[in-house]
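The figures here come from the full heavy-atom set of this structure, side chains too, leaving out hydrogens, waters and symmetry mates. Computed from a predicted structure; not experimentally measured. Here is how names work: the chains are called A, B, and so on, in the same order as the sequence lines, proteins then strands, and each is numbered from 1.
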Amino acid sequence: MTPIIPASLRSASVQTTTIRTIGAHDGRDVRIRGWLYNKREKGKLVFLIVRDGTGYLQAVAFQPEVPPDVFETCQKVTQESSLEVRGSIRKDDRAPGGYEMKLQSITVHQVAQDYPISPKEHGPDFLLDHRHLWLRSSKQHALLKIRSEICQAIRDFFYERDFVLIDSPILTPAACEGTSTLFETDYFDRKAYLSQSGQLYLEPACMAFGRVYCFGPTFRAEKSKTRRHLTEFWMVEPEVAYADLDDLLDLAEDFVVTLVARALDRCRPELTTLERDITRLERIQKPFPRLTYDEAAAVLMRPEIQSRARGQDAPPFVPGSDFGAFDETVLTETLERPVMITRYPTKIKAFYMQPDPQNPDRALCVDVLAPEGYGEIVGGSQRIHDHDLLLRRIQEHGLPLEAFRWYLDIRRYGSVPHAGFGMGIERFVSWVAGIHHLREAIPYPRTLNRLYP
RNA sequence: UCCUCAGUAGCUCAAUGGUAGAGCAUCCGGCUGUUAACCGGAGGGUUGUAGGUUCGAGUCCUACCUGAGGAGCCA
């Protein structure tokens with residue numbers, strides 16, 4: 001990595017470097033530019049824990065060996081002040097990270113007064129009010145690094161498989177699926193809605209390019225108030241022409257396994273910082289267990305499961321309805337791998353899903369449920385490719401026909417079976433990182449009660 | 001929309017209906033290897049808001065506000 005350094009800060013004699021690569025500078029003089037993470041004083045010794053975005057480094061100032069003004073600056077500098085330290089790097093097992101700097105000089109660029117987030121425990125409301133500063137904390141830093149790596153892995157996965165990135169619009173004229181509550185906004189003298197899915201716009205592109213995906217923000221105005229919901233979240237949605245449900249299951253399985261492997265390969269230090277049980281991620285291998293909705297429903301109807309639901313005040317499972325939170329826990333708790341549940345009842349799923357030719361009451365769809373109670377991470381289906389059937393479904397759902405004319409066109413001009421799925425980035429990141437709250441898996445969370453910062 | 005819980009110092013939390021407390025942070029002093037350092041000292045309060053009960057309310061009652069967790073809905 002080549003640091004970008006303004007000419008005014010360059011020095012011919014001392015190299016400016018990053019903490020991530022500090023081991024390569026053992027025994028040499030370097031300059032580190034960053035912020036003060038923490039400070040510990042002991043008489044004639046001051047330990048400065050400096051962070052630069054790539055890691056943490058302990059710089060040690062020892063009184064007789066540094067000039068009095070340098071030592072005094074080290075004593076006075078406050079938490080999160082921006083600074084530049086210069087000194088020699090040496091291996092020392094007593095230092096966090098294994099290397100430390102024997103400090104020779106220090107430049108404080110700006111003194112931070114009363115940094116609000118002290119190195120102690122804080123409540124979620126306080127931390128979310130200070131999200132713009134909380135990003136500097138080690139766990140949040142590790143989490144967002146993992147998110148970044150997973151987003152890069154998603155793009156790499158599709159690029160390597162010849163998918164074309166097709167960005168869907170965020171401003172849309174009408175409801176895509178007719179179910180969710182949408183955010184409404186003024187669009188000159190008309191109304192527009194923030195997109196809740198890119199899928200419908202992706203299907204036409206799929207007929208142009210064969211394999212496509214979109215990756216962007218998605219908006220839901222539902223008043224959900226749980227740790228598994230955000231009003232603004234990121235979703236990646238692939239769509240494949242000439243694909244059936246079995247092709248889709250294989251793609252989703254490959255996708256999940258590849259992303260988890262990438263996190264294990266590139267984010268070990270971050271997963272360790274988050275105290276993630278890595279052995280659980282190492283068990284995420286193909287094949288994933290697959291069962292149908294009817295098989296899953298049979299499990300939930302067992303007397304011992306029904307009595308457990310009553311004991312936990314969970315609403316009882318009714319055959320033909322969708323699974324609740326308790327039901328998802330039951331279906332995933334004994335498994336180490338994600339479970340793929342297929343062929344839900346047609347009437348509880350979206351209007352565009354292809355019915356199973358063997359049983360038209362069941363849709364050719366899949367939900368992938370993550371282990372450890374993280375819930376649905378992937379949802380997808382084969383799409384209806386017959387024009388008349390799709391027209392009938394739009395009418396049955398009471399959707400405005402005029403708004404779907406372009407969508408029906410795809411079934412008039414060279415229609416083929418096709419399939420796709422959507423994956424919620426924050427849910428996936430939460431599962432991989434092993435965190436409790438979805439809102440920490442996005443830099444600036446938007447929830448029912450939060451629009452700041 | 002419904003159910004449950006919470007709101008006390010900058011932060012995290014104590015306080016049988018009877019004088020408002022501690023740790024961290026901040027400031028001052030001490031210490032040559034600290035690991036959320038430690039030791040001594042100082043400053044810091046309209047107990048979410050408005051009513052009510054009581055000789056007396058942080059504590060009990062009512063309403064409201066704010067937040068959290070869950071349900072439903074969904075990724």
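- The base of B/rC24 is not paired with the side chain of A/Ser118 by any donor and acceptor separated by under 3.5 Å.
- Within 4.0 Å of A/Pro315, counting heavy atoms only, lie sugar-phosphate atoms of the nucleic acid but no base atom.
- Between A/Glu253 and A/Val366, the closest side-chain pair of non-hydrogen atoms is not below 4.5 Å.
- A 3.5 Å limit on both hydrogen-bonding distances identifies no Watson-Crick or G-U partner for B/rA75.
- The same atom, C1', is picked in B/rA63 and in B/rG18; the two are 28 Å apart, to the nearest Å.
- In this structure, A/His437 reaches the sugar-phosphate backbone alone: every heavy-atom distance under 4.0 Å involves primed, P, OP1 or OP2 atoms, never a base.
- For A/His122, taking side-chain heavy atoms from C-beta onward, the closest of the listed nucleotides B/rA71, B/rA75, B/rU12 is B/rU12.
- Side-chain N/O atoms of A/Arg450 include none lying less than 4.0 angstrom from OP1 or OP2 on B/rU66.
- Between B/rA71 and A/Arg228, a contact under 4.0 Å exists linking OP1 or OP2 to a side-chain N or O.
- We find that CZ of A/Arg40 is positioned 15 Å from P of B/rC24, with the value rounded to whole Å.
- Between the CD1 atom of A/Ile348 and the P atom of B/rC73 there is a distance of 9 Å, rounded to whole Å.
- The partner of B/rU66 is B/rA6, judged by Watson-Crick or G-U wobble contacts that both fall below 3.5 Å.
- With the nearest nucleotide of RNA chain B identified for both A/Asp125 and A/Phe62, A/Phe62 has the one nearer the 5' end.
- A/Gln140 and A/Arg131 are linked by a side-chain donor-acceptor pair at a separation below 3.5 angstrom, with hydrogens and angles left out of the test.
- The A/Arg220 side chain lies nearest to B/rC74 when the options are B/rC74, B/rG72, B/rG33.
- For the pair A/Asp322 CG and B/rC73 P, the computed distance is 7 Å after rounding to whole Å.
- Spacing between atom CG of A/Leu48 and atom P of B/rG33 amounts to 17 Å, rounded to whole angstrom units.
- Of the listed nucleotides (B/rG69, B/rC11, B/rG33), B/rG69 has the atom at the smallest distance from the side chain of A/Arg439.
- Side-chain atoms of A/Glu41 and base atoms of B/rG30 include no donor and acceptor less than 3.5 Å apart.
- Remark: ring of A/Phe233 overlaps the six-membered base ring of B/rA75 in a stacked fashion, centroids less than 5.5 Å apart, planes less than 30° apart.
- Across B/rG23 and B/rA14, the matching C1' atoms stand 11 Å from one another, rounded to whole Å.
- Listed pair A/Lys223 / B/rU1 meets the phosphate criterion, a side-chain N or O lying under 4.0 Å from OP1 or OP2.
- Nucleotide B/rC60: paired with B/rG52 (Watson-Crick or G-U wobble, both distances less than 3.5 Å).
- Within 4.0 Å of A/Asp92, counting heavy atoms only, lies at least one base atom of the nucleic acid.
- Contact annotation for A/Ile377: backbone-only contact, meaning every heavy-atom pair under 4.0 Å involves sugar-phosphate atoms and none involves a base.
- The 5' end of RNA chain B is approached more closely, in terms of each residue's nearest nucleotide, by A/Thr78 than by the other of A/Gln58 and A/Thr78.
- Under the Watson-Crick or G-U wobble criterion, with both distances below 3.5 Å, B/rU26 is paired with B/rA42.
- For A/His229 against B/rC74, a side-chain N or O and a base N or O form a donor-acceptor pair under 3.5 Å.
- Candidate nucleotides B/rU32, B/rA71, B/rU12 were compared by shortest atom distance to the side chain of A/Lys44, and B/rU32 ranks first.
- Note: A/His130 and A/His132 have parallel aromatic rings, judged against thresholds of 30 and 60 degrees for the angle between ring planes.
- The separation between A/Gln63 atom CD and B/rG30 atom P is 11 Å, rounded to whole Å.
- Note on A/Ile117: nothing from the nucleic acid sits closer than 4.0 angstrom, heavy atoms only.
- For the 3.5 Å distance criterion, the side chains of A/Glu239 and A/Gln199 fail to qualify, holding no donor opposite an acceptor.
- In this structure a side-chain-to-backbone donor-acceptor pair under 3.5 Å is present from A/Glu295 to A/Thr292.
- Listed nucleotides: B/rA36, B/rG70, B/rU12. Nearest to the side chain of A/Thr226: B/rG70.
- Using N1 to N3 plus N6-O4 or O6-N4 for Watson-Crick, or N1-O2 and O6-N3 for G-U wobble, each under 3.5 Å, B/rC13 pairs with B/rG21.
- The aromatic rings of A/Tyr344 and A/Tyr293 sit tilted relative to each other, their planes meeting at an angle between 30° and 60°.
- Distance, A/Asp129 CG to B/rU66 P: 14 Å, rounded to whole Å.
- Within 4.0 Å (heavy atoms only), A/Gly123 reaches sugar-phosphate atoms of the nucleic acid but no base atom.
- Atom CZ of A/Phe323 and atom P of B/rC73 are 13 Å apart (whole Å).
- Residue A/Asn449 places at least one side-chain N or O under 4.0 Å from the OP1 or OP2 atom of B/rA68.
- Taking the six-membered ring for Trp and the full ring otherwise, the centers of A/Phe255 and A/Phe421 sit less than 6.0 Å from each other.
- A centroid separation of less than 6.0 Å is found between the aromatic rings of A/Phe404 and A/Phe351.
- Of the C1' atoms belonging to B/rU62 and B/rU26, the separation is 41 Å, rounded to the nearest Å.
- Here the side chain of A/Arg94 is nearest to one of B/rA68, B/rU34, B/rA75, namely B/rU34.
- When the C1' atom is used for both B/rC31 and B/rC39, the distance is 8 Å, rounded to whole Å.
- For B/rC24 and B/rG41, the P atoms lie 12 Å apart once the distance is rounded to whole Å.
- Look at the C1' atom in both B/rA25 and B/rU12: the space between them is 11 Å, to the nearest Å.
- Atom P of B/rG72 sits at a distance of 41 Å from the matching atom of B/rU47, rounded to the whole Å.
- Heavy atoms of A/Pro96 sit under 4.0 angstrom from at least one base atom.
- A/Arg161 forms a cation-pi arrangement with A/Phe157, by the criterion of a distance under 6.0 Å to the ring centre and an angle within 45° of the ring axis.
- Between A/Trp431 and A/Phe428, the ring-plane angle classifies as perpendicular under the 30° and 60° cut-offs.
- Rounded to whole Å, atom P of B/rG67 lies 8 Å from atom CG of A/Leu448.
- At the heavy-atom level, A/Glu100 lies under 4.0 Å from base atoms of the strands shown.
- Which of B/rG72, B/rG33, B/rU32 sits closest to the side chain of A/Phe47 comes down to B/rG33.
- Comparing the same atom, C1', in B/rU8 and in B/rA36 gives a spacing of 25 Å after rounding to whole Å.
- Within 3.5 Å, a donor on the side chain of A/Arg90 pairs with an acceptor on the base of B/rG33, or the reverse.
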